[in-house]
Number of protein chains: 2
Amino acid sequence: MADDRLSVVFAALADPTRRAILARLARGEATVNELAEPFEVSLQAVSKHLKVLERAGLITRGRDAQWRPCRLETEPLEEASAWIRRYRDVQTDRMDRLEAAIGRIRSGAGDTDEDGAERPQRGQ
Amino acid sequence: MADDRLSVVFAALADPTRRAILARLARGEATVNELAEPFEVSLQAVSKHLKVLERAGLITRGRDAQWRPCRLETEPLEEASAWIRRYRDVQTDRMDRLEAAIGRIRSGAGDTDEDGAERPQRGQ
DNA sequence: TCGTTGTTCAATCTCTGGGTTGAATATCCA
DNA sequence: TGGATATTCAACCCAGAGATTGAACAACGA
């Protein structure tokens, strides 16, 4: 896996166990044992998942005697969300521009570029 | 990697090359060669990346003579975004409820639960 | 038809992710 | 101090990701 921030965050989210852990933490802090309880995997496996989440900045961990309470951190989620948002709407945008272009053509203006993207020639 | 839809989408996004490909496609359709051009990896590697994106539903591919134009599909992005959104704001929510609780305490009501999460006992 | 261009398939390599078990460490409580 | 509980570390296994190279397939154009 690539080690840039966004890749690490998306990779951390690409596992149902880890997403379930985050969902649980959204309801409040929890210890490793509490987090592991719903799953069939070993405690050590959960511990590894938590490390992945921590590395991604998605959780932070405190200390309370022998417990290591986990807490959800939302900033990386914001970052990931921002990336997605940038491309989520292009389909619509493209349609809007296409419709606008059609409108101009109908009204006799004509000759517009749909989306301004570079289009290298397909030479052979 | 887990094979549920959300995991497949997040895993597809967890690679900078694939994100760059999506970013390029947001500016319009492109062929494999066009998509591969900015990268130093082999064409075959890019072809594999496209397969991953296709499996995640993030792109669809047409046929135009010997070219296989790729097109961005935004629906899985919407899905991923929706998942993130559900947890992105809990920090704020928790703060809001905490502030509300403090407000109640100050006004003499007192005894409120911060966020209503279950908290199993830490028995030994 | 033949050469060229675009793309994929197949075999292979290496590295890492996610899982396991067993031992170690940390902290509490009697 | 010593036993119990919570958590992590270490070593290992296996499947799959991402890359490579070489060959195959598809479609054009002269």
Open item on the list: For a quick check, with a 4.0 angstrom heavy-atom cut-off, what is the B/S/- contact string for nucleotides 14-24 of chain C, read 5' to 3'?
Closed with: ---SSBBBB--
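Summarising the hydrophobic clusters (Ile, Leu, Val, Met, Phe, Trp, Tyr; side-chain heavy atoms under 4.5 Å, direct or chained), the residues clustered with B:V52 are none.
In terms of heavy-atom proximity, A:Y87 sits nearest to B:L72 at O-CD2, 4.0 Å. Here the closest heavy-atom approach between residue B:H49 and residue B:I21 is recorded as CB-CD1, 4.2 Å.
One can place CG of B:L50 at 13 Å from C1' of C:dG6, the figure rounded to the nearest angstrom. Look at CD on A:Q66: it is 9 Å from C1' on D:dT7, rounded to the nearest Å. If you measure from atom CG of A:L35 to atom P of D:dT8, you get 11 Å, rounded to the nearest angstrom. The CH2 atom of B:W67 sits 21 Å away from the P atom of D:dC25 (whole-angstrom rounding). D:dC25 atom P lies 17 Å from atom CZ of B:R68, rounded to whole Å. Spacing between atom CG of A:D4 and atom P of D:dG18 amounts to 13 Å, rounded to whole angstrom units. We find that CD of A:E34 is positioned 10 Å from P of D:dA6, with the value rounded to whole Å. The CD atom of A:E29 sits 17 Å away from the P atom of D:dA6 (whole-angstrom rounding).
Residue B:S47 places no side-chain N or O under 4.0 Å from the OP1 or OP2 atom of C:dT7. A:N33 has a side-chain polar atom (N or O) that falls below the 4.0 Å cut-off from OP1 or OP2 of D:dT7. Between B:K51 and D:dG18, a side-chain N or O to OP1/OP2 separation shorter than 4.0 Å is absent. A sub-4.0 Å separation between OP1 or OP2 of C:dT8 and a side-chain N or O of B:R61 is present.
For the pair A:R88 and B:E73, the salt-bridge criterion is not met [side-chain N within less than 4.0 Å of a carboxylate O]. Checked for salt-bridge contact, B:E54 and B:R18 miss the test: no charged N lies under 4.0 Å from a carboxylate O. Ion pairing between A:R55 and A:D3 fails under the 4.0 Å rule for side-chain N and carboxylate O.
Contact annotation: the side chain of A:D64 never approaches that of A:T31 to less than 4.5 Å [non-hydrogen atoms, C-beta and beyond].
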